[in-house]
Asker: 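First, the structure itself, so that you have it in front of you.
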Amino acid sequence: MRKESFMILFETKAGMTELVTKPCMWRSALYFVASMGLYSGVVTNTWLLNQPLEVRGAMVLSVVMFFVLLLFLYSMLLHGILETFGALAGDAKALICVAGYTAMPFLVFTPVALLAGKLGLGGLPLLAFISLVALVWMHYLLVRALEVVYIISFWQSLGVIVFSLVLLYVFFTWPVRVGFHLIKALVA
């Protein structure tokens with residue numbers, strides 16, 4: 001397990017290639033839930049320390065379930081984009097299997113998130129910085145996963161990731177902007 005985790009994080013292309021050749025859906029789900037669960041658990045439990053244990057547990061469970069759903073939908077979006085662009089050799093199941101491993105940077109940065117929580121409000125910049133680093137690292141792993149699953153180049157994979165992030169940005173901000181403009185027009 002340690003060798004596999006090391007290869008995924010630091011020898012990414014070889015690690016992802018090895019993962020695709022064997023069934024790994026349950027281990028991928030376990031890594032994803034453990035990574036996001038521990039990271040969000042540390043963040044929510046240190047910042048919501050005054051709340052009862054049930055509230056903190058519900059918060060961690062809801063965050064993890066949200067990220068699981070988001071990962072599944074995002075994997076399907078990436079598969080759809082690649083199908084549209086003509087990368088028909090890819091396997092959606094293999095992409096979902098490998099995508100769970102992409103959350104491992106959050107597991108690596110969990111101790112730093114704990115340190116940020118112990119620093120109180122002064123730890124917010126540290127928490128924001130490590131979250132950004134983990135997110136960039138996660139997207140790098142996702143680029144490598146696309147490269148292995150769909151047998152396309154690094155730059156094509158990076159372009160697909162950037163395009164999908166722009167689509168998600170438009171999807172989430174467009175209704176808010178339209179609603180804001182409608183309310184502004186009704187008030188004026």
Side-chain angles (χ1 to χ4, degrees), residues 1-43 60-113 130-172:
M1 289 288 240
R2 283 184 286 160
K3 181 181 181 230
E4 183 178 274
S5 302
F6 178 83
M7 285 185 65
I8 292 166
L9 290 171
F10 301 108
E11 296 173 7
T12 309
K13 190 168 182 181
M16 293 293 180
T17 305
E18 185 178 325
L19 281 179
V20 170
T21 60
K22 56 186 174 184
C24 61
M25 183 74 83
W26 292 110
R27 279 184 291 135
S28 176
L30 174 72
Y31 272 117
F32 184 80
V33 169
S35 300
M36 296 311 293
L38 287 173
Y39 189 81
S40 62
V42 162
V43 171
V60 171
L61 184 63
S62 63
V63 167
V64 170
M65 292 306 294
F66 172 75
F67 281 122
V68 165
L69 181 63
L70 189 66
L71 176 76
F72 183 74
L73 292 175
Y74 189 64
S75 298
M76 290 293 104
L77 172 73
L78 289 177
H79 181 71
I81 290 171
L82 284 166
E83 288 274 333
T84 303
F85 288 146
L88 302 174
D91 181 11
K93 184 178 177 187
L95 179 63
I96 293 172
C97 282
V98 176
Y101 286 94
T102 60
M104 287 179 68
F106 288 99
L107 185 63
V108 171
F109 286 119
T110 297
V112 185
I130 62 166
S131 296
L132 181 66
V133 169
L135 196 62
V136 169
W137 194 359
M138 178 181 176
H139 282 99
Y140 170 73
L141 292 177
L142 198 55
V143 165
R144 286 302 201 175
L146 285 179
E147 189 178 354
V148 168
V149 171
Y150 290 92
I151 313 169
I152 56 177
S153 73
F154 177 82
W155 296 108
Q156 288 173 321
S157 300
L158 184 63
V160 167
I161 294 291
V162 169
F163 180 66
S164 67
L165 291 175
V166 169
L167 277 180
L168 286 176
Y169 173 76
V170 168
F171 178 74
F172 285 116

Asker: Go through the structure and list residues passing side-chain contact (heavy atoms from CB on, under 4.5 Å) with Phe66, not counting sequence neighbours.
Answerer: Leu70

Asker: Looking at every non-hydrogen atom in both residues, tell me the closest pair between Ser35 and Ala103 and how far apart they are.
Answerer: CB-O, 3.2 Å

Asker: Mind checking the OG-CG spacing from Ser157 to Leu82? Nearest 0.5 Å is all I need.
Answerer: 7.5 Å

Asker: Specify the closest pair of heavy atoms between Ser75 and Ala99, including all atoms of both residues, with the distance to one decimal.
Answerer: OG-CB, 3.6 Å

Asker: Could you pull out all donor-acceptor pairs under 3.5 Å where a side-chain atom in residues 159-171 meets a protein atom, sequence neighbours excluded?
Answerer:
from, atom 1, to, atom 2, distance (Å)
Ser164, OG, Tyr74, OH, 2.6
Ser164, OG, Val160, O, 3.3
Ser164, OG, Ile161, O, 2.7

Asker: Looking at every heavy atom in both Val64 and Gly37, which two are closest together, and how far apart are they?
Answerer: CG2-CA, 3.4 Å

Asker: Going by side-chain contact (heavy atoms from CB on, under 4.5 Å), name the residues that satisfy it together with Val43, two or more places apart in sequence or in a different chain.
Answerer: Tyr39, Trp47, Ala113, Leu127

Asker: Of the non-hydrogen atoms in Val60 and Gly41, which two are nearest, and what is the gap between them?
Answerer: CG2-CA, 3.4 Å

Asker: Show me the pairs that pass salt bridge (charged side-chain N to carboxylate O under 4.0 Å, His left out) and involve residues 68-77, at least two apart or across chains.
Answerer: none

Asker: Name all residues meeting the side-chain contact (heavy atoms from CB on, under 4.5 Å) criterion together with Trp155; count only those two or more places apart in sequence or in a different chain, and write none if there are none.
Answerer: Ser153, Leu158

Asker: Under the salt bridge (charged side-chain N to carboxylate O under 4.0 Å, His left out) definition, can you give me all pairs with a residue in residues 135-163, not counting sequence neighbours?
Answerer: Lys13-Glu147, Arg144-Glu147

Asker: Please report the interatomic distance CD1(Ile151) to CG(Leu146), rounded to the nearest 0.5 Å.
Answerer: 12.5 Å

Asker: May I have all residue pairs that pass salt bridge (charged side-chain N to carboxylate O under 4.0 Å, His left out) and include part of residues 62-80, sequence neighbours excluded?
Answerer: none

Asker: side-chain contact (heavy atoms from CB on, under 4.5 Å) with Ala134: which residues, sequence neighbours excluded?
Answerer: Pro105, Phe106, Phe109

Asker: Before you tell me yes or no, could you show the steps for Met104 and Trp137 under side-chain contact (heavy atoms from CB on, under 4.5 Å), namely the whole-Å CA-CA distance, both residues' side-chain angles and the distance that decides it to 0.1 Å?
Answerer: CA-CA 9 Å; Met104 287 179 68; Trp137 194 359; over 6 Å; no

Asker: So with a 6.0 Å cut-off around CE of Met76, is the heavy-atom count from everything else above 12?
Answerer: yes

Asker: Just to verify, what does Tyr101 make a ring pair (Phe, Tyr, Trp, His ring centres under 6.0 Å) with, not counting sequence neighbours?
Answerer: Tyr31

